[in-house]
Amino acid sequence: MPELPDVELVRRRLQRGIGGAIITAAHSTDRRVLRPQSPSAFGRALSGRTVREVNRRGKWLRILLDDDARLFSHLGMTGWWVERDRDSPKQRSERARIDVLRNDGRPSSVRYLDSRRFGRLIVAKEDITEWRSLGPDPLVDGIRVQALVDKLGRSRRAVKEALMDQSVLAGVGNILATEALFNARIDPRSRSDALSRAEIGKIARGLDTALRHELDARERAATDDFLDVFSVYGRAGEPCPRCRSPIARVVLGGRTTTFCKKCQIRRGRPAARTKRRKTRRRPAN
DNA sequence: CTCTATGTTTAATT
DNA sequence: GAATTAAACATAGA
């Protein structure tokens with residue numbers, strides 16, 4: 001579930017649950033999620049510390065501690081944090097837990113759930129490269145059209161692939177990019193550097209609209225379940241909500257992309273590439 | 001059984 | 001070198 005709106009919701013939840021609290025215990029034994037750190041380092045770095053604040057940039061969360069150490073959390077594809085009673089049993093997908101004593105005196109516990117384990121937990125003394133190399137965050141920094149023009153105008157990739165580049169705008173994933181381009185009425189296969197300034201302005205607006213719509217839906221949702229509040233994402237074959245023509249499906253940058261061929265305008269095509277012989281790589285076994 | 005999935009990194013290829 | 005691509009990671013659900 002994690003794209004920017006989901007991660008922002010999780011940030012607020014963590015801030016409420018453990019912001020200002022003393023960590024009484026922290027455990028994780030999952031070497032996949034902790035890669036490449038040792039499970040003992042996780043507990044050692046967190047236990048006894050006080051949580052100063054919980055921040056977010058793009059899809060990364062940062063939990064700042066009183067000794068200036070910090071825990072970074074990326075949710076991958078299926079990661080999620082939940083607040084539970086301290087004695088609440090471990091779920092199958094639980095990969096880590098942090099138990100705290102809040103300053104209102106109430107004990108609490110947050111659990112990291114992640115069935116596929118694409119997510120990561122990283123303890124560090126300073127900001128990690130993955131965090132520092134993120135582009136501007138649409139909520140934290142706002143979306144500046146000129147910055148987008150500078151970046152998109154220099155890329156020859158399909159505009160949707162460029163939008164999902166975390167150094168262009170942090171937090172834009174497959175859903176947001178798909179929805180933003182539908183709102184902007186621009187074909188996701190358009191060559192990024194073929195777009196006019198006005199069109200990039202429309203993408204910025206479309207992104208802002210999609211972002212607020214999803215954040216709003218997340219805020220009022222009663223559960224953590226996947227929310228289907230999208231115009232075209234996941235709707236291949238269904239009628240376009242604007243013109244009723246069937247929604248098309250293509251693959252860009254390895255990700256399923258849906259759009260309306262009728263009302264999303266194409267601006268140039270991706271760079272011509274020489275045909276390539278079909279080759280098969282043997283799986284690393 | 002097959003196919004798909006909200007993300008990122010890595011190795012291979014142009 | 002850069003840029004682009006498919007595959008890999010691991011699991012659940014339809």
Side-chain angles (χ1 to χ4, degrees), chain A residues 1-10 30-36 56-61 72-81 91-95 112-122 128-131 133-135 151-152 154-180 189 191-193 207 210-211 213-215 217-218 221 223-237 249-258 269-285:
Chain A
M1 326 194 160
E3 272 190 28
L4 198 157
D6 314 291
V7 184
E8 174 58 18
L9 203 86
V10 168
D30 196 299
R31 288 187 170 275
R32 170 76 199 162
V33 166
L34 289 175
R35 61 189 181 269
R56 180 194 58 75
R57 272 191 80 80
K59 300 168 196 168
W60 280 95
L61 291 161
F72 290 91
S73 167
H74 194 292
L75 305 178
M77 203 82 116
T78 51
W80 205 248
W81 286 91
Q91 291 174 242
R92 185 220 285 266
S93 63
E94 183 181 308
R95 310 301 180 192
Y112 178 63
L113 313 177
D114 189 349
S115 62
R116 288 172 77 180
R117 297 193 283 167
F118 287 173
R120 304 196 65 178
L121 292 171
I122 301 172
I128 57 176
T129 312
E130 292 92 325
W131 173 273
S133 57
L134 291 170
K151 300 230 170 157
L152 295 185
R154 255 188 276 279
S155 173
R156 283 168 300 182
R157 312 154 85 183
V159 61
K160 171 158 174 282
E161 294 181 60
L163 274 180
M164 286 195 291
D165 183 332
Q166 299 300 295
S167 70
V168 171
L169 272 177
V172 178
N174 201 24
I175 294 177
L176 273 176
T178 297
E179 294 290 296
R189 301 168 297 176
R191 245 180 77 147
S192 185
D193 63 1
L207 198 51
L211 189 52
H213 181 60
E214 288 174 41
L215 200 54
R218 260 282 158 237
T223 70
D224 286 349
D225 293 345
F226 183 81
L227 290 179
D228 183 356
V229 295
F230 313 121
S231 299
V232 288
Y233 176 83
R235 303 207 184 285
R249 182 206 134 112
V250 295
V251 174
L252 289 176
R255 314 296 300 277
T256 294
T257 304
T258 52
R269 46 203 63 241
R273 245 170 287 105
T274 52
K275 280 219 173 66
R276 184 201 312 226
R277 297 182 54 81
K278 210 185 281 182
T279 51
R280 195 97 318 219
R281 242 177 22 130
R282 45 205 268 103
N285 182 26

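In what follows, every chain begins at residue 1, and chains take the letters A, B, ... in the order their sequences are listed. Quick caveat: nothing in here was measured; it's all calculated off a predicted structure.
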Please report the interatomic distance CZ(A:R92) to CG(A:L113), rounded to the nearest 0.5 Å.
13.0 Å

Expressed in angstrom and rounded to an integer, what is the separation of A:Y233 atom OH from B:dG7 atom C1'?
11 Å

Between CE on residue A:M164 and OG1 on residue A:T257, distance to nearest 0.5 Å:
6.0 Å

Taken to the nearest 0.5 Å, the spacing of A:L9 CG from A:D224 CG works out to 7.5 Å

Can you tell me how far C1' in C:dC9 sits from the matching atom in B:dC1, rounded to whole Å?
22 Å

If you measure from the Lys or Arg side-chain nitrogens to the Asp or Glu carboxylate oxygens, is any gap between A:R191 and A:D193 under 4.0 Å?
yes

Nucleotide of B:dT6, B:dT8, B:dT4 approaching A:H74 most closely (side-chain heavy atoms)
B:dT8

Compare the minimum distances between each of B:dG7, C:dT5, C:dT4 and the side chain of A:R157, then state the nucleotide with the smallest one.
C:dT4

Who are the side chain to side chain donor-acceptor pair (under 3.5 Å) partners of A:R255, not counting sequence neighbours?
none

Of A:R249 and A:Q166, the one whose nearest nucleotide on DNA chain B sits closer to the 5' end is A:R249

Given the rule that a pair is Watson-Crick or G-U wobble with both distances under 3.5 Å, how would you write DNA chain B in dot-bracket, using | for pairs to a different strand?
.||||.||||||||

Measuring to OP1 and OP2 of B:dT6, would you say a side-chain N or O of A:K59 lies under 4.0 angstrom away?
no

Is the shortest distance from a Lys or Arg side-chain nitrogen in A:R157 or A:D165 to a carboxylate oxygen in the other one below 4.0 Å?
yes

Mind checking A:G254 for me? I need base, sugar-phosphate or nothing, with any heavy atom below 4.0 Å counting as a touch.
nothing

Measuring from the side chain of A:E130 (C-beta onward, heavy atoms only), which nucleotide among B:dT9, B:dA5, C:dT11 has the closest atom?
B:dT9

Scan nucleotides 12-14 of chain C against the protein and return all N/O pairs shorter than 3.5 Å with their distances rounded to 0.1 Å.
unit_1: C:dA12; atom_1: OP1; unit_2: A:R92; atom_2: NE; d: 3.3

On the 0 to 90° scale, with breaks at 30° and 60°, tag the A:F226-A:Y233 ring pair as parallel, tilted or perpendicular.
tilted

Geometric class of the A:F72/A:W60 ring pair [parallel <30°, tilted 30-60°, perpendicular >60°]
perpendicular

Closest to the side chain of A:R117, out of B:dG7, B:dA5, C:dA10, is C:dA10

Per atom distances to the A:R156 side chain, the nearest of C:dA3, B:dG7, B:dT4 is C:dA3

Can a side chain N or O of A:T78 be found less than 4.0 Å away from OP1 or OP2 on B:dA5?
no

Answer yes or no as to whether C:dC9 has its base stacked against A:F118, where stacking requires a ring-centre separation under 5.5 angstrom and planes under 30 degrees apart.
yes

If I take atom CG from residue A:L163 and atom CG from residue A:N174, how far apart are they, to the nearest 0.5 angstrom?
11.0 Å

Indicate, with a heavy-atom threshold strictly under 4.0 Å, whether A:R120 touches base, sugar-phosphate, or nothing.
nothing

What is the nucleic acid contact for A:S93, judged by heavy atoms within less than 4.0 Å: base, sugar-phosphate only, or nothing?
nothing

Between C:dA12 and B:dT9 - C1' atom distance, rounded Å
23 Å

